[in-house]
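All values below were derived from every heavy atom in this structure, side-chain atoms included, with hydrogens, water molecules and symmetry-related copies excluded.
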Amino acid sequence: MASETEHQSFFESVYQVVRLIPYGRVTSYGAIAAFLGSKRSSRMVGWAMNASHSSIENIPAHRVVNRNGMLTGKFHFGEPGLMAQLLENEGIITENDRIVNFREVFWDPNKELELNL
DNA sequence: GGTGTGACCAGCT
DNA sequence: AAGCTGGCCACAC
């Protein structure tokens with residue numbers, strides 16, 4: 001057995017979900033964590049994003065915000081304001097580093113996505 | 001291999 | 001009501 005072992009690290013799982021976020025939509029760290037099974041592991045999701053720079057794939061980390069809809073990780077994009085700019089570029093309205101219509105653009109993987117692992 | 005950390009969340013004071 | 005602390009779990013040194 002053993003085979004290749006899909007050692008899919010927690011990070012990889014997070015990347016997949018983040019990659020599945022539709023254009024013009026956002027989600028929260030807790031939502032992704034809950035989708036992965038550990039609602040309280042939301043911190044790991046954020047940390048995974050920190051390592052997203054190591055991923056060769058483009059991770060739309062700007063579509064991931066906290067449950068308040070605030071752009072908490074904007075400082076990690078190299079330049080502050082870049083995250084908000086990317087979001088507005090997708091039609092998402094942000095104000096004061098916070099998504100105005102967060103409720104409207106919120107994309108819950110638990111609801112939209114099905115357990116197809 | 002123990003310790004620390006981290007872009008959170010929720011509960012307690 | 002608002003601020004803070006704890007918890008949680010995976011990764012880096």
If only atom types and distance count, is the side chain of [X] paired as donor or acceptor with the main-chain N or O of [Y] below 3.5 Å?
{"X": "A/Ser55", "Y": "A/Ser52", "result": "no"}
{"X": "A/Asn96", "Y": "A/Arg98", "result": "no"}
{"X": "A/Arg25", "Y": "A/Glu104", "result": "yes"}

| said: Any base atoms under 4.0 Å from A/Ala61, or only sugar-phosphate, or nothing? Heavy atoms, all strands. | reply: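 Result for A/Ala61 = base.
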Rounded to the nearest Å, what distance is computed from the [atom1] atom of residue [X] to the [atom2] atom of nucleotide [N]?
{"X": "A/Asn66", "N": "B/dC8", "atom1": "CG", "atom2": "P", "result": "6 Å"}
{"X": "A/Leu87", "N": "B/dA7", "atom1": "CG", "atom2": "C1'", "result": "13 Å"}
{"X": "A/Trp47", "N": "C/dC11", "atom1": "CH2", "atom2": "P", "result": "9 Å"}
{"X": "A/Asn50", "N": "B/dC8", "atom1": "CG", "atom2": "P", "result": "11 Å"}
{"X": "A/Phe10", "N": "C/dC11", "atom1": "CZ", "atom2": "C1'", "result": "12 Å"}
{"X": "A/Ile32", "N": "B/dC9", "atom1": "CD1", "atom2": "C1'", "result": "14 Å"}
{"X": "A/His53", "N": "B/dA7", "atom1": "NE2", "atom2": "C1'", "result": "9 Å"}
{"X": "A/Glu12", "N": "C/dC11", "atom1": "CD", "atom2": "C1'", "result": "13 Å"}

| Who are the side chain to side chain donor-acceptor pair (under 3.5 Å) partners of A/Arg63, not counting sequence neighbours? | A/Glu90
| Partner set under side chain to side chain donor-acceptor pair (under 3.5 Å) for A/Thr94, not counting sequence neighbours | A/Glu88
| field | Minimum-distance nucleotide to A/Arg67 side chain [options: B/dA10, B/dA7, B/dG4] | value |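 Comparing B/dA10, B/dA7, B/dG4 against the side chain of A/Arg67, the answer is B/dA10.
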| Taking only residues two or more places apart in sequence, or in another chain, which ones meet A/Phe11 in a ring pair (Phe, Tyr, Trp, His ring centres under 6.0 Å)? |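 None.
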For nucleotides 6-8 of chain C, tabulate all protein N/O to nucleotide N/O atom pairs closer than 3.5 Å, reporting atom names and distance.
unit_1, atom_1, unit_2, atom_2, d
C/dG7, O6, A/Arg43, NH1, 3.1
C/dG7, O6, A/Arg43, NH2, 2.8
C/dG7, N1, A/Arg43, NH1, 3.4
C/dC8, O2, A/Arg43, NH1, 3.1
C/dC8, N3, A/Arg43, NH1, 2.7

| CZ of A/Phe106 to CD1 of A/Ile99: how many Å apart, nearest 0.5 Å? | 10.0 Å
| Value rounded to 0.5 Å, distance of CZ in A/Phe35 from CG in A/Leu20 | 8.0 Å
| message | Using a 4.0 Å cut-off on heavy atoms, which residues in residues 72-79 of chain A reach DNA chain B? List them by number, or say none. | response |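 By residue number: A/Thr72, A/Gly73, A/His76, A/Phe77.
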| query | Applying side-chain hydrogen bond (donor to acceptor under 3.5 Å, both in side chains), which residue pairs with at least one partner in residues 69-84 of chain A are found, sequence neighbours left out? | reply |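 For residues 69-84 of chain A: A/Lys74-A/Asp97.
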